[in-house]
Amino acid sequence: MLDDEYQLEYFKENGFVRKKCPACGKNFWTRDTGTKMCGDPPCVSYSFIGAPVFKKEYDISSMREAYLSFFERNGHTRVNRYPVIARWREDIYLTIASIADFQPFVTSGLVPPPANPLTISQPCIRLDDLDAVGRSGRHLTTFEMMAHHAFNSRSNEIYWKDRTVELCDTLLSELGADLNAVTYKESPWAGGGNAGPSVEVLVGGLELATLVFMDLKQVKGGSIEIKGETYEKMENYIVDTGYGLERFVWASRGSPTIYDAVFPGVVKELMDLAGIEHSIENPEYANIFSQNARFAGVMDISGQANLFQLRKKVADSIGTTVEKLQKIMVPVETVYVVADHSRCLAFMLGDGIIPSNVKAGYLARLVLRRTLRMMKDLEIREPLAEIIEMQIRNFPEYPEFRERLDTIREIVTLEEEKYADTIERGTKLVRKTALHFKEKKEKMPLAELIQLYDTHGIPPEITREVAKDSNVEVELPDTFYSLVAKKHSKAEEEEQEALLPDLPQTRKLYYEYPGQREFEAQVIDVIENRIILDSTLFYPEGGGQPSDHGTLLADDYVADVVNVRSINGIIIHETDSDFGFKKGDVVKGKIDWERRMAHMRHHTATHIVNEAAKSVLGKHIWQTGAQKSTDRARLDLTHYKRITDEEFREIELRANKEVMENLPVIIKWMDRVEAEKQYGFTLYQGGVPPGKEIRILRVGNDVEACGGTHVLNTGLIGPIKLLRTERIQDGVERIEFSAGEAAVKRIQERDELLNRSAEALRVSPEQLPDTVNRFFEEWKDQKKENERLKAELAEARVRAMVSDAANVNGLKVISKKIPHADVEELIKVATEFSKNDDAVALLASDLGGVKLVVSAGAHAQKMGVNAGAIVREMSKIVGGGGGGKPGIAQGGGTDAQKIEEALEMGVKMVKEKLNSLSTSFN
RNA sequence: GGGCCUGUAGAUCAGGGGUAGAUCGUUGCGUUCGCAACGCAAAGGCCGCGGGUUCGAAUCCCGCCGGGUCCA
């Protein structure tokens, strides 16, 4: 497939030969005619360990600098890295590759790249192979993808395959690699709807880089087929390279693991904290880890079974047992994990991710908790915050992380506390559950483990450990986590976009004439009740702002516009009638200005509240959602703790101050790249708008990309009244507020509530809290007093009733109607009476229909009197139901006329029971 | 965005349509020179809030509020 794609002039001119790897069957290019294998594991294994491939050792920053400056010298512009949280993307949370920085708008050709060609070193986070981190010797959660990109179009080609390979070759050569040992393995690439030929760059058994020539896009029925999908050539074709910075450093050092090459200082510190001798300096240990990395390099080590295979191989090769090997390796591997994860967290938190249980925040928490677990295994007592701080201090190249240190420390400390709470709660729960299965003498089933993890966050390893303490076995398969994942696999959500005829973009008058309320336009198309105009003042739903309403008027017809949507720039007016308008008509449009104004006020207020929240709560505040309506708006923000009442008031005050300053609301269209450069990704608080030009809105200090409609000056917003906060998710706070008229109404409503409440209690609003408190306390006291009196009354009643009791076969039976008594009272009387073992009480009241209570003393019960059974029968008579225990039962109904009848029935039943007893026993 | 769990005395929790419980803590009494320990007793509950079903709801159903947790 695509064989021609790899016939590069560069290869031919430089004496490369194309070979087929006998192991994997893939083609590759090499200068050395003697080379047989493609150079990629598992066909070959690592040869660079102990034999560095470059002429000198590099660390992270010197290698990064060497790379970037090489490409600068070769005509590339150095571009700053992007955050690890992909704020400019709607489809991914974390930045997973350098090309992700330029998707989707640059790669699609809509927006020009910040420079062309460019070079970058982009920190990336991938959490796919978490289990392999620390164990394989090469896996990292966080790595920097160094890259050079060239964005070509048919009319403007920067460079393509030959130059790309040449640059790579030259770089390797400058670094001192033996070019004869370099192989370029053909490996077509596909992903994310794009594809293209690609070569993997292999040295010493290590894949150092991948050079992708992205020139295909996925098209249904396309002419080129790769892996079952069809593709077509793109107008733009992109050089997408990825050079692993950490791998380059590793290759330059030839150390046993990548971890020792990349963050030796942190590893050393952690080893000390864990009380492990720094074993990698010991040649014997170094040998173990080298062997491990070599074997791990050529096999899949996911899952316990594969891991065991790896251990076995390593153990055999150095002549020891798996058990002994584990003892040596596990603590060191765990240190590697902590080193890697804390570095990952430094990036995540440094770039402003707030741990939470949704979205990117969830991923941060996942890593954070995993780190804590590992630290516990190592018995490192140092707070995690300190370790992350240590990482950050090791990044002189990321000064922005240091600025956030205080916040990061607070977040991590809070998270640590939260996790400790979860574990403590969990441990108790597991103990209880374990006990349950111990009693049943069963293993704890898998379903229970999943339940504990899924709903309570207790890792199965901890469950197993705790259960072991209670001598309960646990069923824990390797595939545990994937089983949990399966439980959550969800149905695909399909959203069909309405098919539209090919129409020109609607001219957006609402941007051009923001204050205007009426307009004239021509009808371009009518689809049932949907009308498309050449231009419109109607704002379509978007950015959390609902659409405008209003009317469209032709010569003879009027239609109410009930909804407005924008699909690919074509604005569709949905009306309440499906006739009247036709193509070519000139219509007058009039928008419901009150509605629009309310939306504009709330929208502009949202920007102000967002900014106020940021100034009060901290820089980590990020909008995750917003919704406006005519009478209120809500704003969701990332924040790691609850907003306090004091902060709430402060935000409200600052927001209103901005209003009172009557700041202008400045709107301008800007080049996307320019805007990003000037304001950063905080622009994209409300989402990422498409297009080369984006609409930038500035209110005070708040600058955002925003497509909404706004008032011209903040003073027009009127008052902003914060209504409440809500924690919609852990790590996400929602603020609800009203602006303008709606705010005044809210304030009035609240006053009204207060006044009415105060009036009800005949006090002034100021006295309300004290008075309500007093009333509540008094109510509680009286409730208690009432209960005490009822008990007393019951005793008195019983004393009075004892003499009325009928003697039925030796039992004292009383049947009585106590008018107006509630159930509680009846129960008290009945229980009091039947403290006497021989007593049976049948009580009735006419409160709210009929209430019945029957009780039987201990002896009476032995004689066969069942209060529950009797009540059931009695209740039927009065048109209800009832039941209870043999000693005490309640019932009732609706027919008060039949109380006497029911009581007679009760007495009769007691008699019958006793008679039948005496006959059967005689 | 989707799912699951959860809210009962100051704390930890049981109960799960029919008189609200246990343990610890608190207070008092006993024992003691005193303390601890022990024994006895008591106080302490809008069973998160609001609706619904029912003769009857802490318990079942719905909504809201709060807390926890897993996944995308």
Side-chain angles (χ1 to χ4, degrees), chain A residues 90-93 127 356-363 365-366 369 418-419 421-429 431-432 435-436 447 449-460 480-493 495 624-625 636 642 724-732 734 775-777 779-780 782-784 787 790-791 794 822-832 834-835 844-855 867-868 871-872 874-896 898-899 902:
Chain A
E90 307 267 274
D91 52 343
I92 51 173
Y93 297 131
L127 302 177
S356 123
N357 49 8
V358 289
K359 299 184 182 177
Y362 173 68
L363 301 175
R365 177 168 288 168
L366 183 86
R369 293 194 167 183
K418 255 186 201 168
Y419 188 54
D421 283 350
T422 298
I423 293 301
E424 200 194 307
R425 251 197 317 274
T427 310
K428 274 187 207 162
L429 191 64
R431 269 202 209 107
K432 214 162 58 189
L435 222 63
H436 173 77
L449 247 67
I450 293 180
Q451 164 80 2
L452 284 167
Y453 177 66
D454 203 23
T455 59
H456 303 288
I458 308 160
F480 181 83
Y481 290 98
S482 51
L483 284 171
V484 174
K486 202 179 283 172
K487 232 187 109 181
H488 292 278
S489 64
K490 56 149 195 176
E492 283 282 309
E493 203 177 304
E495 202 173 304
T624 62
D636 299 341
R642 292 307 307 259
R724 61 198 286 258
T725 65
E726 185 188 349
R727 203 183 69 147
I728 56 163
Q729 292 285 2
D730 195 12
V732 183
R734 171 170 293 174
F775 270 67
F776 188 55
E777 289 304 320
W779 172 80
K780 283 202 280 193
Q782 285 180 7
K783 202 178 89 153
K784 254 175 268 172
E787 225 156 273
K790 271 183 194 166
D822 61 22
V823 179
E824 205 179 329
E825 216 174 322
L826 295 183
I827 287 172
K828 279 200 159 47
V829 174
T831 37
E832 184 64 34
S834 57
K835 274 179 185 164
S845 152
D846 55 0
L847 189 79
V850 184
K851 306 286 176 212
L852 300 168
V853 171
V854 173
S855 71
V871 155
R872 250 192 303 279
M874 290 170 70
S875 302
K876 270 186 204 161
I877 294 173
V878 293
K885 295 179 286 193
I888 176 92
Q890 300 87 18
T894 46
D895 191 353
K898 295 192 175 165
I899 289 183

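Labels below follow one simple rule: chain letters A, B, ... track the order of the sequence lines, proteins then strands, and each chain is numbered from 1. The figures here come from the full heavy-atom set of this structure, side chains too, leaving out hydrogens, waters and symmetry mates.
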A/K784 vs B/G44: side-chain N/O to OP1/OP2 distance below 4.0 Å: yes
With A/R734, the side chain to side chain contact (heavy atoms under 4.5 Å, CB included) member among A/R727, A/R724, A/E726: A/E726
Interatomic distance where CG belongs to A/L366 and C1' belongs to B/U69 [whole Å]: 13 Å
Interatomic distance at P, B/A20 relative to B/G45, whole Å: 15 Å
Sugar-phosphate only, base, or nothing, as touched by A/Y419 at under 4.0 Å among non-hydrogen atoms: nothing
Pair A/D730 + A/R365: basic N to acidic O under 4.0 Å: yes
Chi angles and distances behind the side chain to side chain contact (heavy atoms under 4.5 Å, CB included) call for A/V850, A/L852: CA-CA 7 Å; A/V850 184; A/L852 300 168; 4.0 Å; yes
Smallest separation among heavy atoms of A/Y453 and A/P459, with atom names: CD1-CA, 3.8 Å
From NZ (A/K784) to CH2 (A/W779), nearest 0.5 Å: 10.0 Å
5'-most by nearest nucleotide on RNA chain B - A/A360 or A/R734: A/R734
Dot-bracket notation for RNA chain B, counting Watson-Crick and G-U pairs under 3.5 Å, with | for partners on another strand: (((((((..((((....[..)))).(((((.......))))).....(((((..]....)))))))))))).
Integer-rounded Å distance: B/C13 P and A/E424 CD: 9 Å
Atom pair distance, as rounded to whole Å: CZ in A/F776 and C1' in B/G48: 12 Å
Heavy-atom closest contact (A/L826 atom, A/K851 atom, distance): CD1-O, 3.8 Å
Closest approach of A/T831 to A/S855 (non-hydrogen atoms, all atoms of both residues): N-OG, 4.3 Å
Whole-Å gap separating C1' (B/A43) and CD (A/E787): 14 Å
Minimum heavy-atom distance between A/G884 and A/A889, given as atom pair plus value: CA-CB, 3.8 Å
Distance, C1' atom - from B/G3 to B/C55, rounded to whole angstrom: 38 Å
Spacing between A/L363 atom CG and B/G1 atom P, to the nearest angstrom: 16 Å
A/R365 CZ to B/A72 P, straight-line distance once rounded to whole Å: 15 Å
P atoms of B/A72 and B/G63, separation to the nearest Å: 27 Å
Footprint string (nucleotides 54-68 of chain B, 5' to 3'): B base within contact, S backbone only, - free, heavy atoms under 4.0 Å: -B---------SSSB
A/E424, CD: over 12 other non-hydrogen atoms inside 6.0 angstrom: no
Selection from B/G45, B/C13, B/C70 that lies nearest to any side-chain heavy atom of A/K432: B/C13
Note, A/E824 side chain near A/I827 side chain (heavy atom, < 4.5 Å): no
Each nucleotide N or O in nucleotides 21-25 of chain B that has a protein N or O under 3.5 Å away: list the pair and distance.
none

Rounded distance in Å between the C1' positions of B/G7 and B/G50: 16 Å
Nearest-Å distance once atom C1' is located in both B/A22 and B/A57: 23 Å
Atom-pair distance (NZ on A/K428; P on B/U6), nearest Å: 17 Å
B/U8 to B/C49 separation - P atoms, rounded to the nearest Å: 10 Å
Within-4.5 Å side-chain heavy-atom neighbours: A/E832 and A/V829: no
Other residues, nucleotides, ligands: >12 heavy atoms within 6.0 Å of A/K876 NZ: no
B/G21 versus B/U26 - spacing of their P atoms, nearest Å: 23 Å
Closest contact, heavy atoms only, A/Q890 versus A/V823: CG-CG1, 4.1 Å
Distance, P atom - from B/G25 to B/G39, rounded to whole angstrom: 12 Å
Between C1' of B/U69 and CG of A/L449, the distance in whole Å: 15 Å
Touch class at under 4.0 angstrom, heavy-atom based, for A/G884 against every strand present: base
